[in-house]
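Okay, structure first, notes after.
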Amino acid sequence: MYWLVKSEPDVFSYADLASRPFEPWNGVRNYQARNFLRAMQVGDGLLFYHSNTTPPGVAGVARVARAAYPDDLQFDPESPYFDRGSSPDNPRWSMVDVAAVAALPRFVSLEALRTLEDLEDLALLRRGNRLSVMPVPEAAWRRILEVGGLDPDEIARQLAPGGGVG
DNA sequence: GCCAACGTTGGC
DNA sequence: GCCAACGTTGGC
């Protein structure tokens, strides 16, 4: 499957993701977004979206490197993501590991996204949407990659488990 | 269960 | 900085 994840680039950008082997996608504290995290499988494709910046838009492609496991920050009293109501034997919040695949040669801004075909079902473009994790229909995935300057078929090979660089 | 108040998100 | 939209909280 395909997904879109939002990140504020001032906090964590696509370049930050590309500078390390993987990143634990922790701190998600919305039930709908959490359920999407739990539905992710290793090798799923991710659109990495820069939010709360100028201009907002899709900066790169990433993949799910590890399926959902308990978000450790929920048990850390010092963390802003600490959740007193969650217990280790029944964790409330989950995270996945995310790894960079390719930056988009052409950044696809939100403004540009609004002009594209095949994106009618993309939750990102729906009014008032605030989800930080959401599914992306395959037609939208392919369209955004093409406009961004990537070959969806080549990316598919890199997403497959055991795929990756080379 | 209702709903007003409040906090957060995120585009502009 | 503004504010619309939305989720959560808590009194009742």
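All values derive from a computational prediction rather than experimental measurement. Residue numbering restarts at 1 for every chain, and letters A, B, ... go by the order of the sequence lines.
Under the 30°/60° scheme for interplanar angles, the aromatic rings of A/Phe12 and A/Trp25 are found to stand perpendicular.
Proximity of A/Lys6 to the phosphate of B/dT9: no side-chain N or O atom is located under 4.0 Å from OP1 or OP2. For A/Tyr49 and B/dG11, the shortest distance from a side-chain N or O to OP1 or OP2 is below 4.0 Å. Within the structure, every side-chain polar atom (N or O) of A/Arg127 is placed at least 4.0 Å from both OP1 and OP2 of C/dA4.
Taking atom NE2 of A/His50 as the reference point, atom P of B/dG11 lies 12 Å away to the nearest angstrom. Taking atom CZ on A/Arg126 and atom C1' on B/dG10, their separation rounds to 17 Å, with Å as the unit. Atom pair A/Tyr31:OH and B/dT8:P shows a separation of 17 Å (rounding to whole Å applied). For A/Leu125 and C/dA5, the CG to P distance is 16 Å, given to the nearest whole Å. One can place CZ of A/Arg84 at 14 Å from P of C/dT9, the figure rounded to the nearest angstrom. To the nearest angstrom, C1' of C/dA4 lies 13 Å from CG of A/Asn129. The separation between A/Asp10 atom CG and B/dG11 atom C1' is 15 Å, rounded to whole Å. In this structure, the CG atom of A/Leu113 is 15 Å from the P atom of B/dG10, given to the nearest Å.
Atom OH of A/Tyr81 sits in a sparse spot, with 12 or fewer heavy atoms from other residues, nucleotides or ligands closer than 6.0 Å.
Side-chain rings of A/Phe48 and A/Trp3 stay apart, their centers remaining 6.0 Å or farther from each other.
Of the listed nucleotides (B/dG7, B/dG11, C/dT8), B/dG7 has the atom at the smallest distance from the side chain of A/Arg130.
When hydrophobic residues (I, L, V, M, F, W, Y) are linked wherever their side-chain heavy atoms come within less than 4.5 Å, the members clustered with A/Tyr69 are A/Met95.
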